[in-house]
Amino acid sequence: MEGIIILKTMILKGRKVFGGVVEGKALVVKQPLTAFPDINIKNGIIRHAGESMKGKVLVFPWAYGASGWGSGFYKACITFGNAPIAIINKKLHNYVAVAAAVLEIPTVCDLDKDPIELMETGDHVKVDADRGIVEVTKIEQASEI
Amino acid sequence: MYLTIEEEKMHDGEYGPALEWMMRFLSKYGEALGAKKLIEISSAVIDWEPGFTIEKLPPFVISDLKTRKVKVPTYGLLSVDHRHWKDMGVSEELYKKYTAEDELGSFGLARKMGIIPLYTCAPYLVGFVPIRGTHCTAKESSLPPYLNSMLGVMTSQDTFPSCFASALVGKTPEGGLHLRENRYGKLLVKVETKLTEEIHYDMLAISLGKQTGATMDIPIFSGIPKNIRLEHMKSLCGGLSASTGVGMFHIIGVTPEARTLEDACGGCKPEETISVDEKELKKAQDTCCTRGSPKVDLVVLGCPHYSLNQVERVARLLEGKRVHKDVKLWIFMPYSSRLVADSLGLTDVISKSGGLLLCSTCPILMGHCPPGTEVMATDSAKQALLAKELFGIDIWFGSVEKCIEAAVSGEWRE
């Protein structure tokens with residue numbers, strides 16, 4: 001028998017980096033990201049997470065590493081079509097600021113609560129980047145009442 | 001973000017589609033950074049990136065671009081080695097892409113726009129030294145930290161679109177490291193061991209990245225010797241760019257914005273302190289080595305590009321010796337420095353011993369090393385870490401002396 005689904009919602013408030021309102025599943029990466037070698041450019045798979053960022057709300061602490069970051073990320077998104085639908089960063093690195101502006105990806109940073117600690121891969125997320133609001137819905141299954 | 005009347009006109013297309021696109025991008029980028037306005041830059045550095053080339057711009061922007069000149073002195077960084085591209089295994093197609101005079105995304109368009117190619121990742125070695133306190137845009141790993149920290153120039157860690165737009169408009173958003181309040185140090189790094197060789201600075205940077213989980217907080221180093229040279233700082237900047245998210249650092253009593261610890265922190269105290277001792281340095285060195293077969297196929301020196309002083313040292317180490325028949329020795333430096341190396345006879349010494357003095361690029365930038373390479377030795381932590389992943393090969397990381405010894409004997413000896 002299917003378990004009972006429990007929904008828990010929480011709101012995180014931050015700063016708009018690039019506007020837009022989207023909804024989707026979160027892919028949470030616990031450690032800062034380089035574009036290479038952390039992101040597989042051809043299929044978008046993030047190696048620490050084992051899942052593709054394509055079509056997801058990509059959550060990670062911040063970008064770091066060599067300046068090929070932009071080039072690698074644009075290639076993954078533009079050439080191979082693996083763009084995430086939104087980005088949530090704890091701290092904003094310049095690489096992501098440029099990428100969000102070029103690729104027009106709704107992006108939020110500087111949240112009042114730690115998204116890396118509170119969010120998990122698979123959470124349902126509504127990102128209202130215009131207002132800097134991230135609404136996270138956790139879906140938990142309980143086997144018994 | 002506030003735009004002046006002139007900027008508004010540009011934004012609305014009064015100065016043509018190219019400047020309209022650039023100004024619209026700069027306002028989006030400025031908003032992203034939370035900047036209040038655009039500021040004038042003294043110069044710009046750009047680098048063609050395979051991921052976002054000119055061809056990605058709308059066609060009406062591209063045709064307008066062909067008649068545009070950059071607004072401020074602008075320098076191009078990397079390309080292919082014009083002398084040895086075949087020796088390096090560069091395809092004819094790629095060589096043409098970089099050098100053709102009438103193609104987009106190449107030397108041709110850059111020159112039409114007034115961009116001066118410097119053919120190096122470390123242009124501060126060949127005269128790109130903007131004035132302290134002025135703003136510029138910069139990319140390439142070691143460059144922003146070198147400009148911000150050592151020269152007191154204010155720059156962000158840009159990528160191609162932002163550098164290109166800023167070069168055409170002559171402005172950049174006043175955000176990030178362009179603002180004084182974002183340049184203060186937060187993390188005190190106590191160096192508790194004697195740093196003597198360049199690779200110690202690579203190791204220091206890697207240790208900082210490992211200990212802090214690729215921090216974005218600006219580090220303040222204490223305990224660094226007073227007699228440091230440009231080459232030491234080049235290694236530190238290259239290493240930091242590979243292992244952290246910082247575009248700047250301070251060294252108390254050395255760098256221009258850190259006369260004292262208080263000065264470096266903007267009157268506050270560091271929020272966190274870590275220390276790096278000999279053990280930590282060794283750990284950092286170990287993360288750069290895979291410890292596979294000792295039989296070396298390729299030795300790479302000059303990441304970031306070597307200075308003339310470093311090439312002179314290599315020539316002295318190589319004099320009268322012969323590079324092992326199964327090993328390729330590749331040494332990278334800026335294009336114009338190689339012309340000086342030619343006239344000093346250094347290029348000759350290196351080529352007679354079987355090495356190649358190269359410029360304008362490096363293996364991780366080109367994305368390939370000689371076919372059949374299984375083991376690389378290098379004195380650069382950045383090259384080591386990226387080459388390991390990019391080529392899936394074994395790596396030895398150590399001093400230039402050890403690297404040359406391996407090139408001659410064909411084996412890495414610890």
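Numbers restart at 1 for each chain; the letters A, B, ... are given by sequence-line order, proteins then strands.
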Considering residues, nucleotides and ligands other than Lys54(A), do more than 12 of their heavy atoms fall under 6.0 Å from its NZ?
no
Interatomic spacing from NZ in Lys139(B) to OH in Tyr95(A) - rounded to 0.5 Å
8.0 Å
Could you state the interatomic distance from CG (Leu386(B)) to OG1 (Thr34(A)), rounded to the nearest 0.5 Å?
8.0 Å
Using a cut-off of 6.0 Å, state whether more than 12 heavy atoms not belonging to Lys113(A) lie near its atom NZ.
yes
What option among Ala99(A), Gly19(A), Pro61(A), Pro37(A) has the most heavy-atom pairs under 4.5 Å with chain B?
Pro37(A)
Just wondering, are more than 12 heavy atoms of other shown residues or ligands nearer than 6.0 Å to NZ in Lys36(B)?
no
Okay, Ala66(A) and chain B: the region with an atom under 4.5 Å from a heavy atom over there is both
Counting heavy-atom pairs under 4.5 Å with chain B, the top scorer among Ala100(A), Ala101(A), Cys109(A), Ala76(A) is Ala101(A)
Within a 6.0 Å radius of atom NZ on Lys13(A), are there more than 12 heavy atoms belonging to other residues, nucleotides or ligands?
no
Nearest heavy-atom pair of Leu92(A) and Met216(B): which atoms, and what distance?
O-CE, 3.3 Å
Minimal heavy-atom distance between Tyr64(A) and Thr244(B), with the atoms involved, is CB-O, 3.4 Å
For the atom pair CG (Asp47(B)) and OG (Ser71(A)), what is the distance rounded to the nearest 0.5 Å?
9.0 Å
Tabulate, in ascending numerical order, the residues of residues 204-215 of chain B having at least one heavy atom closer than 4.5 Å to a heavy atom of chain A, or enter 'none'.
Gly213(B), Ala214(B), Thr215(B)
Is Ser243(B) in contact with chain A via its backbone, its side chain, both, or neither, using a 4.5 Å heavy-atom distance?
backbone
Interface moiety of Leu365(B) toward chain A, non-hydrogen atoms closer than 4.5 Å
neither
d(Tyr74(A) OH, Thr159(B) OG1) to nearest 0.5 Å is 3.0 Å
Taking all heavy atoms of Leu33(B) and all of Ala97(A), pick out the closest pair and write down the distance.
CD2-CB, 3.7 Å
Over 12 foreign heavy atoms within 6.0 Å of CZ, Arg131(A):
no
Counting only heavy atoms from other residues, nucleotides and ligands, does the tally under 6.0 Å from NZ of Lys388(B) exceed 12?
yes
Segment of Phe36(A) engaging chain B (4.5 angstrom heavy-atom cut-off):
both
Leu177(B) versus chain A, the contacting section by heavy-atom distance below 4.5 Å
neither
